[in-house]
Protein chains: 2
Amino acid sequence: MLLAVDMRDHETDKVTMGDIARASGVSPMTVSRVLSNNPSVKEAHRKRVLAVAKRLNYHVDIIARQLRAQHTFQLGVVAPFRGLVGTYYFGQILQGIQQVLTGTDYHIALYDSLSEDFNDIPKCVNLCHERRVSGLIVVAPELSAKFPKTFASLKMPIIVVGSSMGRQGVSYVDVDNYGGACLLTEHLIELGHTRIGFVSGRADLRDASQRELGFRKTMEKHGLPVVAEWIIQGEYEARKAFQVSMNLLAKSDRPTAIFAANDQMAYGVIDAARILGLQVPEDLSVGGFDDIQSSAEFVPALTTVGQPMLDLGLVAARYILDVLSKTNTAVLHRKLPAQLVTRSSTAMPNQPQRSATSDDPLSKISRINQG
Amino acid sequence: MLLAVDMRDHETDKVTMGDIARASGVSPMTVSRVLSNNPSVKEAHRKRVLAVAKRLNYHVDIIARQLRAQHTFQLGVVAPFRGLVGTYYFGQILQGIQQVLTGTDYHIALYDSLSEDFNDIPKCVNLCHERRVSGLIVVAPELSAKFPKTFASLKMPIIVVGSSMGRQGVSYVDVDNYGGACLLTEHLIELGHTRIGFVSGRADLRDASQRELGFRKTMEKHGLPVVAEWIIQGEYEARKAFQVSMNLLAKSDRPTAIFAANDQMAYGVIDAARILGLQVPEDLSVGGFDDIQSSAEFVPALTTVGQPMLDLGLVAARYILDVLSKTNTAVLHRKLPAQLVTRSSTAMPNQPQRSATSDDPLSKISRINQG
DNA sequence: AGAGATTTTGGTATCGATACCACAGCTTCA
DNA sequence: TGAAGCTGTGGTATCGATACCAAAATCTCT
């Protein structure tokens, strides 16, 4: 009765608990108990069942388990593919999520909130709900995203990443872009800069507008002028920033410091400054935002605002898991602090007289190749 | 008996087909038929059932359907998160996949092949198999990826993206990186260049080595020298490329053209050239690879090799769906052609005598600001 | 009108794992 | 020795949708 030889062995994988039960002379229930580590089963049976399961190359049928448990163990991640997937920011969030999920039974189900089927987030969230995801992380950096209160009534944990939802009962985790921008602006002001320009990011993204707001408010707070011509559009792209800052820096009436709303654009600004013969940070201080990997190695090493992108994913995923395990039931409203990272692309501005002799950037051009 | 009023209405969503059946006076089977568009059901019943389903806010229980159908409608996508997620390349592939999936019942389940649980691809593939994904797309740009033949014996369609699998029975779709590199090299040679440098990509990535090979073979084919000092490591990063090409271009014995293994590095090379006072393309032709979005707008517009990244995703997803629907059962070995995109960053090399007078790059430095 | 063909409907079993209850076998103590 | 307690084990029902078959309802034609 024991260990009836099964010639199919590793071949077919339609092996069920019933098969194992038959082959090891116990009931399916006992098999189920063994495989779910229920302690109330005799050691002899346990060993035999495990051996048979291994021999038959058994794997639980996840679907049946899901049906019984009414739980898919899928963590839905909703994001606008166009524009977000393929960015470092989103990649880091995904890695954070995966780090939390590794070792659990959960995995990521990815949905495009811009798919032509459902051109807005609520529709996509409903789809996920119908698909019975266990929890949902909505990555929504767009300004236009609408989040109806009905989200809160869905019978699943849900959290928004990258958008602060105000007073609504929806959980979110976001980076404090406003505060981060204040930090960098304060830093530049403390160094003695009063003529500061700003390269803004994509107008449709929430974080971009928050960074610009932080810059403006801090300038106002210190009674410093925000010069309209010194606020230029960089679209979050190094190239675009390069082009627009070429124009700005070529003028004789130019700022002594520039705050770029992300690091890539800061690179673009520095490239432009180099070409125009301006030394960074001697003639121009440049600050960025994000602290992407290359910014530490960049020459000059970039002063920037560190954004805990990985943490966004970690916090969001951990929150969902906590709610699912009933550890936490509260609505989460969390702004992760951004950190000022001071490196060598910012310094005190040159003395006025010195700056006067060098109004023409071309006069300095040879210096770049001698340094 | 008809239309018994249900006060719960939209509240709870534990509505089953049985509930609808009861509320509309038919059997669960008829409800099932109506909801799966089976034509053999009387129009009166159909209308009543649909009305009730809507009123009760019914949604099929996907899990139960899956169990019955033995099919999860999940398309597994396996990729090394670290290094790949967050790249434009992977973003495009994902978008391609999603485009095919939009409108179908399938959706993406994302798995990290580098998760600490299973540090190699076969383990991750097994996990997906256990999780009963309906099909699997393995994105594997690394050189080290091992693909045992056992993949072919898994009872699910599987395709590898970004690695040509040689003679093994595993399907793949890849871009013809080798051929693309040949195209660009030929282009430079046709323009009259004989002194050509190469900025290589990440040594661990398959595509990078293929591009370099294409360059080398084409040079050899034309009897041109591959100068060791002119093959420099750019790691696929603009910054790195900028640094190493600064060194290379500052020498008096420098190439007249540089082929960078991706567009970002080409940007870096061009930036370096600018700073050294070299005009592109007059003094230096620069070609890239990938044709990323910004390359068309770049100044000068970049000559590059267009890589159909979106198509990788499209072809892979379409293949899986075809196999699942039995439309196709053959193993797919497909290399998508890369396309030469000629823009303004490449041109005929300067005449030798002219090049002789300008051995010192500094002599040209003022030109950049006058153009 | 009634036999036969056709459309429409409902009952039952099934997918595979597992919660719950009941009970067999064994131990412990009055 | 028998009642009470404990441990292991198996039977049955359930999660919700649907394939399959049989039965009912309807239609067709002589």
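As a basis for the values below, the full set of heavy atoms in this structure was taken, side chains included, without hydrogen atoms, waters or symmetry mates. The chains referred to below are lettered A, B, ... by the order of the sequence lines, with proteins before strands, and numbering in each begins at 1. Keep in mind that what you see is a predicted model, and the values were worked out from it rather than measured.
- A search for side-chain hydrogen bond (donor to acceptor under 3.5 Å, both in side chains) contacts involving A:Y319 returns A:S171, not counting sequence neighbours.
- If you take CG of A:N38 and P of D:dG8, they are 10 Å apart, rounded to a whole angstrom.
- Atom pair A:I63:CD1 and D:dG16:P shows a separation of 16 Å (rounding to whole Å applied).
- Residues satisfying the side-chain hydrogen bond (donor to acceptor under 3.5 Å, both in side chains) criterion with B:S27, sequence neighbours excluded, are B:T30.
- Among residues two or more places apart in sequence or in another chain, the side chain to side chain contact (heavy atoms under 4.5 Å, CB included) test is passed with B:V315 by B:V173, B:L332, B:R334, B:L336.
- Interatomic distance, CE of A:M156 versus CD of A:Q74, reported as 11.5 Å (0.5 Å rounding).
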Between the protein and nucleotides 10-15 of chain D, are there any N/O to N/O pairs under 3.5 Å, and if so, what are the atom names and distances?
from   : atom 1 : to    : atom 2 : distance (Å)
D:dG10 : OP2    : A:S27 : N      : 2.9
D:dG10 : OP2    : A:S27 : OG     : 2.9
D:dG10 : OP2    : A:T30 : OG1    : 2.6
D:dG10 : N7     : A:R33 : NH2    : 2.7
D:dT14 : O2     : A:R68 : NH1    : 3.3
D:dC15 : O3'    : A:Q70 : NE2    : 3.3

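- Helix bend of the helix from C:dA1-D:dT30 to C:dA30-D:dT1: the angle between its two end axes, each built from five pairs, comes to 50° after rounding to 10°.
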Distances for protein N or O near nucleotides 24-27 of chain C N or O, under 3.5 Å:
none

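- Just one of A:V31, A:V26, A:V34 meets the side chain to side chain contact (heavy atoms under 4.5 Å, CB included) condition when paired with A:V41; it is A:V34.
- With rounding to whole Å, B:M17 atom CE is found 10 Å from D:dA19 atom P.
- One atom, CD1 of A:I62, and another, C1' of C:dT18, lie 14 Å apart when rounded to the nearest Å.
- Residue order along DNA chain C, read from the 5' end via each residue's closest nucleotide, puts B:V41 first among A:S36 and B:V41.
- Here D:dG16 presents its P atom at 22 Å from NE2 of B:H71, a figure rounded to the nearest Å.
- Partners of A:R46 under the side-chain hydrogen bond (donor to acceptor under 3.5 Å, both in side chains) rule, at least two apart in sequence or in another chain, do not exist in this structure.
- Every residue two or more places apart in sequence or in another chain that forms a salt bridge (charged side-chain N to carboxylate O under 4.0 Å, His left out) with B:D322 is listed here: B:R318.
- Atoms CD1 (A:I20) and P (C:dT18) sit 11 Å apart, rounded to a whole Å.
- Annotation: side chain to side chain contact (heavy atoms under 4.5 Å, CB included) contacts of A:S40 (sequence neighbours excluded): A:R33, A:N38.
- The phosphate of C:dG16 (OP1 or OP2) has no side-chain N or O of A:Y58 nearer than 4.0 angstrom.
- Pairs of residues two or more places apart, or lying in two chains, that qualify as ring pair (Phe, Tyr, Trp, His ring centres under 6.0 Å) and include a residue from residues 28-74 of chain B are B:H71-B:F73, B:H71-B:Y106, B:F73-B:Y106.
- Applying the side chain to side chain contact (heavy atoms under 4.5 Å, CB included) test to B:V85 and every residue at least two apart in sequence or in another chain returns A:L94, B:F81, B:F90.
- Atom-to-atom, NZ of A:K42 to P of D:dG8 comes out at 9 Å; the value is rounded to the nearest Å.
- B:R68 pairs by the side chain to side chain contact (heavy atoms under 4.5 Å, CB included) definition with nothing, not counting sequence neighbours.
- Distance A:N37 CG to C:dT18 P: 11 Å, rounded to the nearest Å.
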